[in-house]
Amino acid sequence: MTHIQMTLPDGSIKELPAGSTPLEVAESIGPRLAHDAVAAVVDGVTIDLNVPLERDATISILTPRDERGHEVLLHSTAHLMAHAVKTLFPQAKLAIGPALEERFYYDIELEEPVTPELLEKIEAEMKRLSDADYRVERRVLSQPEAAQLFKGRGEDYKVEIISEISAGDTISAYSQGDFIDLCRGPHVTSTGRIKYFKLLSTSSAYWRGDERNNVLQRIYGTAWGSRKELNTYLHRQEEAKKRDHRKLGRDLDLFSFHAIAPAHPFFHPKGTIIYNELVEFMRSLYFKYGYDEVITPQIFGVELWKKSGHWEHYREHMYIIADDEDPERWKGVKPMNCPGHTLIYSAKHRSYRELPLRLADFGRLHRFEKSGVLSGLTRVRSFSQDDAHIFCTPEQIGAEIQSLFAMVQEVYAVFGFEDVEVKLSTRPEKSMGDPESWDKAEVILSDTLTQSGINFQVEAGEGAFYGPKIDYFIRDALNRRWQLTTIQLDFSLPERFGLTYIDDHSQEQRPVMIHRALLGSLERFIGVYLEHTAGDFPLWLAPVQAIVLPVSEKRLEYAGQVKKALRSRRIRAEVDQRDEKIGAKIRQSELGKIPVMLIVGEKEEQSNTVSVRRRHQGDLGAVALTELIESLSEEIDNRTRSNTQ
RNA sequence: GCCUACAUAGCUCAGACGGUAGAGCACUUCCUUGGUAAGGAAGAGGUCACCGGUUCAAAUCCGGUUGUAGGCUCCA
């Protein structure tokens with residue numbers, strides 16, 4: 001009998017008879033692993049546990065704790081759900097059912113509306129199918145076989161998918177009991193392996209995401225390797241709801257919306273403080289990094305938008321002011337600052353000595369977003385960005401990008417963003433400018449990223465039509481990904497607006513533009529940061545930084561003096577003047593997420609001190625008022641992060 | 001924009017069968033003058049999102065509109 005050698009991830013080698021399966025490899029390692037295993041990676045390819053191994057290879061056993069293993073479990077659970085739906089509604093037609101991060105969905109054509117009650121019923125059926133512990137079996141089919149099989153089962157969507165698979169590719173199907181689904185796999189070996197799952201929500205989706213196609217019902221669910229992990233996930237989702245920025249914004253009195261102006265936020269006094277502090281922070285960096293701030297118009301004649309290309313490419317997102325008398329005099333409200341900045345650039349002749357010219361603008365932008373995409377502060381129609389455009393020579397691009405990375409790092413350090421993803425998007429099919437300068441620019445961007453030690457993914461063909469770009473993404477409380485920072489090279493706009501500078505040989509040259517925003521939209525940033533911190537802002541951003549809590553009304557006057565002393569040093573202090581006991585005032589301040597509480601009673605008044613209570617730290621004892629002011633000022637000036645982040 | 005669901009007091013939510021609205025918190029006033037997460041009492045507050053229809057009678061049934069939520073597509 002021949003033997004094969006399987007190399008494990010730790011470098012050790014297991015020798016087994018040829019034809020052994022990955023499951024047997026797992027068993028030879030340990031019963032726990034064999035029990036948890038969902039699939040295996042053999043020589044880099046993910047395969048089922050019951051595939052016979054015929055030759056030497058490297059192998060690693062996947063469990064739901066690995067990302068790839070979890071994906072297999074999720075995918076198998078999607079099949080289990082489809083199986084349950086088909087059992088309950090044999091006429092249902094299956095579309096696609098992939099795994100997401102931590103979740104899966106299946107799109108199904110189903111007459112029945114999927115109510116919460118039906119969701120429970122499907123879940124119960126899934127439990128039953130899991131308990132029945134059907135073997136999951138893989139079959140390889142030829143294209144005609146596959147087409148015939150699924151046509152016979154009325155699975156029109158599957159038939160369509162099969163017709164598009166190229167002839168040479170392997171077509172496989174997985175069956176469990178009387179259920180069969182077209183699938184590449186791999187899958188768990190039996191339905192009994194899927195135990196800890198929950199259906200989460202329903203929505204609708206179009207076949208292939210195209211609104212001209214049939215509407216399908218989409219059912220979302222999740223699955224995990226243990227009860228504990230499932231519960232942890234569900235608990236995390238519950239917690240995430242509590243830090244939804246829309247709820248926090250209302251509870252903390254930061255902003256609101258009104259039906260009369262959908263998706264145009266109203267910033268209340270407290271929200272406005274946060275907004276302005278962010279702007280001041282960016283201004284301090286602009287000073288350091290050599291930016292000049294400008295103020296530009298809100299409304300421009302459409303000529304400008306025709307010239308910039310927005311009329312052609314972006315008109316459906318623009319607010320247009322029509323003039324019935326004269327169509328030539330239509331106006332467009334700006335959705336972006338860039339065209340306005342080119343007008344400042346070309347207001348005079350520019351020398352190479354002036355470059356790079358960095359123009360920053362907090363101007364308000366309006367974009368008509370489709371009603372269905374709006375969401376709280378993260379997707380609005382009126383917003384402003386920490387926007388700037390850098391006009392520079394082609395040779396200066398590298399240095400500018402480098403300086404931007406340093407700036408981004410400085411910004412993210414202040415806010416404590418660690419889970420950041422960076423993407424480099426390259427030339428799309430439809431692009432402006434010559435391919436050579438694109439290639440050059442892409443090389444500059446990727447080299448600079450590498451030199452700066454930044455991990456990034458390349459998104460081929462995802463660049464803007466006018467140039468390649470680098471985007472930074474962070475995640476909100478619900479693990480949704482949001483783009484904050486964007487750095488975009490632009491060869492097109494300088495061309496369209498005929499921008500020039502005179503080089504050191506008295507020759508006219510074309511500058512390059514870099515569009516960049518670090519926080520992105522301030523509105524979105526506030527939304528994301530609220531969720532990131534659960535509303536626990538660092539002292540420098542907190543709308544009320546300190547609240548004075550008099551123990552009784554007899555101390556109101558002293559409380560007023562303390563407030564005045566703090567405010568004279570620009571510390572945002574208030575007094576809780578309500579006729580309440582100290583416990584109630586503390587509770588109120590804690591719920592309002594005020595970072596510093598200053599309790600003043602008879603003792604404090606006599607010694608000119610305050611008793612400090614910091615959120616998340618509790619009672620810190622009495623401190624001299626002057627001393628407190630110094631330490632708070634320092635914390636604010638340094639923009640220290642709060643200790644809970 | 002499309003699909004599905006939802007819309008009752010500032011907030012969170014009750015209001016089978018159609019008979020014309022209720023709680024807790026918040027708010028106001030009074031009592032209480034208190035030491036590190038809720039002291040007590042009283043009061044005020046709603047054209048039940050909007051428009052129309054059915055009905056003797058609509059928060060409740062039907063249609064439309066608007067907004068919101070979760071998706072699809074798009075994006076800062």
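Letters A, B, ... mirror the listed sequences (proteins, then strands); counts begin at 1.
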Using the side-chain heavy atoms of Ser521(A), tell me which of these nucleotides is nearest: A76(B), U33(B), C72(B). A76(B)
Which whole-number value in Å describes the distance from Trp482(A) CH2 to A76(B) C1'? 10 Å
Under 4.0 Å, counting only non-hydrogen atoms across every strand here, what does Arg524(A) touch: a base, just sugar-phosphate, or nothing? base
Distances for protein N/O vs nucleotides 39-50 of chain B N/O pairs under 3.5 angstrom?
| residue | atom | partner | partner atom | Å |
| --- | --- | --- | --- | --- |
| G39(B) | OP1 | Glu580(A) | OE1 | 3.1 |

Contact class for Tyr105(A) vs. all strands (heavy atom < 4.0 Å): base, sugar-phosphate, or nothing? nothing
Of all the nucleotides listed (U36(B), U73(B), A69(B)), which has the minimum atom distance to the side chain of Ser375(A)? A69(B)
In the structure I gave you, are the side-chain heavy atoms of Tyr105(A) and Met81(A) within less than 4.5 Å of one another anywhere? no
Side chains of Asp536(A) and His616(A) in contact at under 4.5 Å (non-hydrogen atoms): yes
Rounded C1' spacing from C48(B) to U8(B) in Å: 4 Å
Between Trp305(A) and Phe300(A) (judged by ring centroids, cut-off 6.0 Å), do the two rings come close enough to count as a pair? yes
Nucleotide C75(B), atom P - distance to OH of Tyr314(A) in whole Å: 9 Å
Quick one: are the ring centres of Phe281(A) and Tyr286(A) less than 6.0 Å apart? no
Once hydrogens and angles are ignored, does a donor-acceptor distance under 3.5 Å link the base of C74(B) to the side chain of Arg367(A)? no
Can you list, by residue number, the residues of residues 541-552 of chain A that have a non-hydrogen atom closer than 4.0 angstrom to RNA chain B? Val551(A), Ser552(A)
Taking the six-membered ring for Trp and the full ring for Phe, Tyr or His, determine whether the centres of Tyr466(A) and Phe491(A) are under 6.0 Å apart. no
Can you find a heavy atom in the side chain of Lys334(A) that is under 4.5 Å from one in the side chain of Asp361(A)? yes
For this output row, return yes or no: ring centroids of Tyr412(A) and Tyr472(A) closer than 6.0 angstrom. yes
Atom CG of Asp244(A) and atom C1' of G70(B) are separated, to the nearest Å, by 12 Å
At a cut-off of 3.5 Å, list every protein nitrogen or oxygen paired with a nitrogen or oxygen from nucleotides 11-13 of chain B, distance to 0.1 Å.
| residue | atom | partner | partner atom | Å |
| --- | --- | --- | --- | --- |
| U12(B) | OP1 | Arg250(A) | NH2 | 3.0 |

Pick base, sugar-phosphate or nothing for Ser611(A), based on heavy-atom distances below 4.0 Å to the nucleic acid. base
Just to be sure I understand the rule, does Gly621(A) reach a base, reach only the sugar-phosphate, or reach nothing, if contact means heavy atoms closer than 4.0 Å? nothing
What is the distance from CG of Leu110(A) to P of C3(B), rounded to the nearest Å? 18 Å
What residues form a side-chain hydrogen bond (donor to acceptor under 3.5 Å, both in side chains) with Glu604(A), not counting sequence neighbours? Ser611(A)
Which nucleotide sits closest to the side chain of Lys370(A): C74(B), U73(B), A37(B)? U73(B)
Between C75(B) and C17(B) - P atom distance, rounded Å: 47 Å
Would you indicate, yes or no, if A76(B) has its OP1 or OP2 atom less than 4.0 angstrom from a side-chain nitrogen or oxygen of Arg379(A)? no
What nucleotide among A76(B), C72(B), G35(B) has an atom nearest to a side-chain atom of Lys469(A)? A76(B)
With a non-hydrogen cut-off below 4.0 angstrom, is Gln483(A) in contact with a base, only sugar-phosphate, or nothing? sugar-phosphate
Among G34(B), A37(B), A76(B), which nucleotide has an atom closest to any side-chain atom of Glu553(A)? G34(B)
Which of G1(B), G35(B), A37(B) is nearest the side chain of Val373(A)? It is G1(B)
Within 45° cone of Phe383(A) ring axis and under 6.0 Å: Arg364(A) NZ or CZ: no
Does Lys423(A) make a cation-pi contact with Phe473(A), if we ask for NZ or CZ under 6.0 Å from the ring centre and within 45° of the axis? yes
Less than 4.5 Å apart, side chain to side chain, heavy atoms only: is that true for Leu74(A) and Leu100(A)? no
With no hydrogens and no angle check, do the side chains of Arg250(A) and Ser256(A) hold a donor and an acceptor under 3.5 Å apart? no
So what does Glu523(A) hit on the nucleic acid, given a heavy-atom distance under 4.0 Å: a base, only sugar-phosphate, or nothing? nothing
Need one value for Lys603(A): base, sugar-phosphate or nothing, where a base atom within 4.0 Å counts as base even if backbone is also close, heavy atoms only. base
Would you check if Gln617(A) and Asp619(A) make a side-chain contact, meaning some heavy-atom pair closer than 4.5 Å? no
In whole angstrom, what separates Arg587(A)'s CZ from G35(B)'s P? 19 Å
Rounded to whole Å, CD of Glu459(A) lies from P of C75(B) at a distance of 13 Å
Scan Leu374(A) against the nucleic acid and name what it touches under 4.0 Å (heavy atoms): base, sugar-phosphate only, or nothing. sugar-phosphate
Would you mind reporting whether Lys370(A) and Glu316(A) have side-chain heavy atoms less than 4.5 Å apart? no
For Ile586(A), report the nucleic acid contact type (base, sugar-phosphate, nothing); a contact means any heavy atom under 4.0 Å. base
Any donor-acceptor pair under 3.5 Å between the side chain of Glu369(A) and the base of A76(B)? yes
Whole Å only: how far is the CG atom of Leu598(A) from the C1' atom of G35(B)? 14 Å
Not counting sequence neighbours, which residues clear side-chain hydrogen bond (donor to acceptor under 3.5 Å, both in side chains) with Glu160(A)? List them please. Trp207(A), Arg208(A)
Which whole number of Å gives the distance between the C1' atom of C72(B) and that of G10(B)? 35 Å
Describe the nucleic acid contact of Ser371(A) in one word from base, sugar-phosphate, nothing, applying a heavy-atom distance below 4.0 Å. base
When rounded to the nearest Å, what value does the distance between C1' atoms of A23(B) and G15(B) take? 11 Å
Quick one: does Ile487(A)'s side chain get under 4.5 Å of Phe405(A)'s, heavy atoms only? yes
Please give the distance between the C1' atoms of A49(B) and U66(B) as a whole number of Å. 8 Å
Which is it for Asp156(A) and Lys93(A) under the salt bridge (charged side-chain N to carboxylate O under 4.0 Å, His left out) test, yes or no, and what are the steps along the way? CA-CA 7 Å; Asp156(A) 302 340; Lys93(A) 292 179 182 179; 2.7 Å; yes
On a whole-Å scale, what distance lies between the C1' atoms belonging to G45(B) and A9(B)? 6 Å
G35(B) base / Glu604(A) side chain donor-acceptor hit below 3.5 Å: yes
Interatomic distance at C1', U65(B) relative to C56(B), whole Å: 29 Å
Return the stems involving RNA chain B, sorted by first number, where pairs are Watson-Crick (N1-N3 with N6-O4 or O6-N4) or G-U wobble (N1-O2 and O6-N3), both under 3.5 Å, and runs are 3 or more long. B:1-7 with B:66-72, B:10-13 with B:22-25, B:27-31 with B:39-43, B:49-53 with B:61-65
Taking the ring of Phe104(A) and the ring of His75(A), is the distance between their centroids below 6.0 Å? no
If you measure from the P atom in A76(B) to the same atom in C62(B), how many Å do you get, rounded? 42 Å
What's the OH-C1' distance between Tyr558(A) and U33(B), to the nearest Å? 19 Å
